[in-house]
Every structure is written in structure tokens, then in C-alpha cells.
2 protein chains.
Amino acid sequence: MFRGGWGQHSWWQGKFRGCGYRITLGREAILDVLSKSDKHLSAEDIYTKVHSKYPNVGLTTVYRTLDVLVNLGLVFKSDFGDKRARYELAEGPKGAHHHHHLICTNCNRVIDYTDFIDEEIELLNRTEKGLSKKYNFKITNHLIQFYGLCSNCVGK
Amino acid sequence: MFRGGWGQHSWWQGKFRGCGYRITLGREAILDVLSKSDKHLSAEDIYTKVHSKYPNVGLTTVYRTLDVLVNLGLVFKSDFGDKRARYELAEGPKGAHHHHHLICTNCNRVIDYTDFIDEEIELLNRTEKGLSKKYNFKITNHLIQFYGLCSNCVGK
DNA sequence: GATACTATTGATAATCATTTTCATTAATAC
DNA sequence: GTATTAATGAAAATGATTATCAATAGTATC
Ligand SMILES: [Mn+2]
Ligand SMILES: [Mn+2]
Ligand SMILES: [Zn+2]
Ligand SMILES: [Zn+2]
């Protein structure tokens with residue numbers, strides 16, 4: 001069967017196969033949509049895009065695939081306060097891609113930033129160390145989001 | 001009508017009245033439950049407690065009151081990954097009470113911490129300043145959560 | 001390529017926290 | 001007290017996400 005224009009071995013397929021998952025057309029399409037977007041997509045956003053090209057891929061499969069991808073650590077699932085979960089690639093061909101978010105409370109725009117990560121990480125490490133000791137809590141991850149008004153909304 | 005043991009003027013009633021809201025028995029009961037708990041309660045948790053004392057207060061009123069309280073800034077609404085929203089007092093008789101969270105990914109325990117390390121505050125100030133300038137984004141609030149294993153779960 | 005095994009899928013129904021609706025009740029101003 | 005209208009409860013609606021289950025399609029083996 002012909003398989004779109006993704007080439008024989010996409011960067012993610014190794015990890016995927018290694019965990020015993022099968023490579024299917026729907027899964028390829030979903031990862032393709034995620035790879036080509038820099039937005040924070042909802043399951044339905046993804047479904048709409050995939051479905052326009054492959055009308056036989058259903059919303060259920062999108063949810064199920066996203067779940068797998070999140071568990072594999074290939075995708076991040078976030079909650080920005082609208083009622084739906086948002087998904088974005090956590091790791092691309094180039095590797096990991098940790099970042100934090102600026103969220104506009106007026107227009108709901110979400111900005112990724114990685115600029116200050118280095119400086120932040122340094123201080124985060126110290127903070128995490130202090131907290132770990134004080135509360136005997138083994139920190140494995142963090143969520144940092146700043147809320148406010150984006151450049152479009154700050155002038156009211 | 002007799003009104004429980006809350007005294008004539010609870011600390012929150014001024015703010016409440018000032019915004020044009022009426023003081024009702026249900027609202028008093030809900031705020032009383034929140035005041036007396038140091039947990040992160042769901043709407044239904046609150047409903048259950050209120051309802052045992054005032055069986056004529058409904059779940060809808062709990063949701064509506066919490067919504068008002070969140071908008072007034074008297075209550076914080078959080079999402080810890082179980083599917084329900086969690087509520088806690090943001091401001092008590094003693095004043096504001098900003099804190100961050102440690103969340104156990106194993107048992108879902110949530111630990112508040114307010115004893116910010118100096119470095120953490122320093123980090124936030126510098127980051128916020130840098131981000132504001134770079135993205136022309138007016139930061140008004142932040143959400144910081146650390147995920148990991150609590151003292152009960154760290155030993156597996 | 002054909003076969004067997006079983007993971008994956010789509011259509012549908014179910015779940016469940018939260019919202020809406022709307023007629024009734026009660027807090028507040030006068 | 002009376003009038004005004006915010007607040008309420010019961011019930012139905014909503015909407016994102018999950019569960020069900022028979023049909024389909026990947027994959028390993030021949
Ligand atoms: Mn992002
Ligand atoms: Mn808290
Ligand atoms: Zn904005
Ligand atoms: Zn724990």
C-alpha cells in the first residue's frame with residue numbers, strides 16, 4: 001500500500017516499534033500533523049486535519065494515538081484553561097524541546113519560550129534541591145506557566 | 001433567621017457585599033467549609049460537607065458560588081490532573097496566601113509550600129522581567145508545580 | 001504471496017464533571 | 001411591610017473523553 005510522502009523510516013518509528021506498537025496509516029498521519037504544526041492542537045484540531053486527507057481515520061483513533069504518544073514521551077499534553085486538552089510534539093528529529101508557556105488571559109494566545117530556560121534551569125535545580133530535602137520529595141518534572149496580557153491585548 | 005455560628009461580619013463579607021453580591025446561607029456555609037479545610041477540595045467534596053449541615057443547599061449553588069469566589073480572587077481553582085477542579089481559599093482573614101505545589105504522581109498527594117527559597121523568588125523576578133521585555137507581555141500571575149514522588153511513595 | 005495471530009480501528013453508546021434553563025424563593029433597599 | 005431582582009434547586013443539556021465490540025489490517029512466519 002502506498003504511504004504518503006514520509007519516507008521509509010521517520011525519526012519516531014524506531015521508538016514506536018521498539019515499544020511493540022505497530023505503525024499504521026492513522027498514526028503516521030497524526031504524527032505528521034503534529035510535526036508540521038507549531039501550535040497547541042486539540043484532539044479535534046488534529047482529527048480535522050487528518051480527516052481531510054484520510055477520511056477513514058476517526059476521532060477515537062486520534063485520542064488513542066495521542067494517549068500512546070504522551071505515554072511514550074513523544075508528545076506533551078497541556079491544559080490551558082479552555083476545556084480541552086492541548087497537544088504538541090515534545091521531541092522532534094532534533095531531540096528534546098522542553099519549554100515553558102506564556103498564556104494571555106484575554107485572547108488565550110499561548111507563547112512558547114525557551115530563551116530563559118538556561119538561567120531558569122540553574123535556579124530551578126537549586127529550588128528543586130531545596131524542596132527535595134525539606135519535603136523528602138523526589139522531583140521528576142515541573143510545570144511553569146506565566147499568565148498575563150500578550151502584546152496584542154496589553155494596550156486594551 | 002438564625003445564622004449558625006459565624007458572627008455578624010466574617011472577613012470576606014465586606015469584599016463580597018462591595019461587589020454587589022448578596023450574603024446567603026449557602027454562600028456562608030461554602031466559605032465556612034473552605035475556611036476550615038487545608039485540603040484541595042472538589043466541588044462535590046464541598047457539596048457533601050455543606051449538604052450534611054444544610055440539606056437544602058444544592059450542588060449547583062456550590063458551583064455557582066465557587067465561580068463567584070474565583071472571580072473575586074478569594075478562591076484558587078486548580079487542576080491536578082484528576083478530572084475534577086480543585087478549590088482552596090486564596091486569601092484568609094490574615095491576608096493573601098500565595099503558594100506553589102508539589103504533586104505526587106503516584107498517590108496524587110498535593111503539598112502546598114510557601115516557604116519559597118530566596119532563589120526561587122529571585123528566579124521569578126528575573127524571568128518575569130526578561131520575558132516581559134522580550135515578548136512585550138504583561139505578566140500578572142504564575143503557576144508553578146513540581147511533579148514527582150512524595151515521601152510515602154519515594155521508597156516504592 | 002498466503003496464513004495465523006492479535007493489535008488496532010471506527011461507529012456507537014456511555015461517562016461524568018460542569019452548565020443551562022426556568023419557575024420559585026429569599027436578600028436587600030425603600 | 002412591599003417591591004425589586006439576585007439567588008436558588010431540580011432537572012435537563014452539554015461536551016470532551018472513554019468504553020464496547022465486531023470488523024479490519026500489521027506483522028511474523030512459512
Ligand atoms: Mn508549548
Ligand atoms: Mn494549594
Ligand atoms: Zn492576548
Ligand atoms: Zn505519593
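Letters A, B, ... mirror the listed sequences (proteins, then strands); counts begin at 1. In what follows, every heavy atom counts, from backbone to side chain, and hydrogens, waters and symmetry copies are set aside. Predicted, not measured: the structure shown is a model, and the values here were computed from it.
Rounded to an integer number of Å, the gap from CZ of A/Arg64 to C1' of D/dA19 is 9 Å. Note: CG (B/Leu59) to P (D/dA11) measures 13 Å, nearest angstrom. Atom C1' of nucleotide C/dC16 and atom CG of B/Asp45 are separated by 15 Å, given to the nearest angstrom. To the nearest angstrom, P of D/dG26 lies 7 Å from CG of A/Leu25. For the pair B/Arg22 CZ and C/dA26 C1', the computed distance is 8 Å after rounding to whole Å. The nearest whole Å value for the distance from the OH atom in B/Tyr63 to the P atom in D/dG9 is 15 Å. Nucleotide D/dA7 holds its P atom 14 Å from the CD atom of B/Glu28, rounded to whole Å. We find that CG of A/Asp82 is positioned 13 Å from P of C/dT19, with the value rounded to whole Å.
Contact between the side-chain N/O atoms of A/Lys83 and the OP1/OP2 oxygens of D/dT14 is not found at any separation under 4.0 Å. In terms of phosphate contacts, B/Arg84 brings a side-chain nitrogen or oxygen within less than 4.0 Å of OP1 or OP2 of C/dA17. Using a 4.0 Å cut-off, some side-chain N or O of A/Thr24 falls inside it from OP1 or OP2 of C/dT9. When the side-chain nitrogen and oxygen atoms of B/Arg17 are compared with OP1 and OP2 of C/dT28, one or more of them lie within a distance under 4.0 Å. When the side-chain nitrogen and oxygen atoms of A/Arg27 are compared with OP1 and OP2 of C/dT8, one or more of them lie within a distance under 4.0 Å.
Within the model, atoms CZ of A/Phe146 and CG of A/Leu102 stand 7.5 Å from one another, a figure rounded to the nearest 0.5 Å.
Each of A/His100, A/His97, A/Lys39, A/His99 was checked for a side chain to side chain donor-acceptor pair (under 3.5 Å) with A/Asp112, and the lone residue meeting it is A/His99.
In terms of position along DNA chain C, the nucleotide closest to A/Thr65 lies nearer the 5' end than the nucleotide closest to the other residue of the pair B/Ala43 and A/Thr65. Residue order along DNA chain D, read from the 5' end via each residue's closest nucleotide, puts B/Gly26 first among A/Arg86 and B/Gly26.
Side-chain polar atoms of A/His142 and A/His98 form a donor-acceptor pair below 3.5 angstrom.
B/Phe76 is linked by a ring pair (Phe, Tyr, Trp, His ring centres under 6.0 Å) to nothing, counting only residues two or more places apart in sequence or in another chain.
Of all nucleotides listed (D/dT8, D/dA10, C/dT8), C/dT8 comes nearest to the side chain of A/Tyr21.
Between A/Leu31 and A/Ser10 the shortest side-chain heavy-atom distance does not fall below 4.5 Å.
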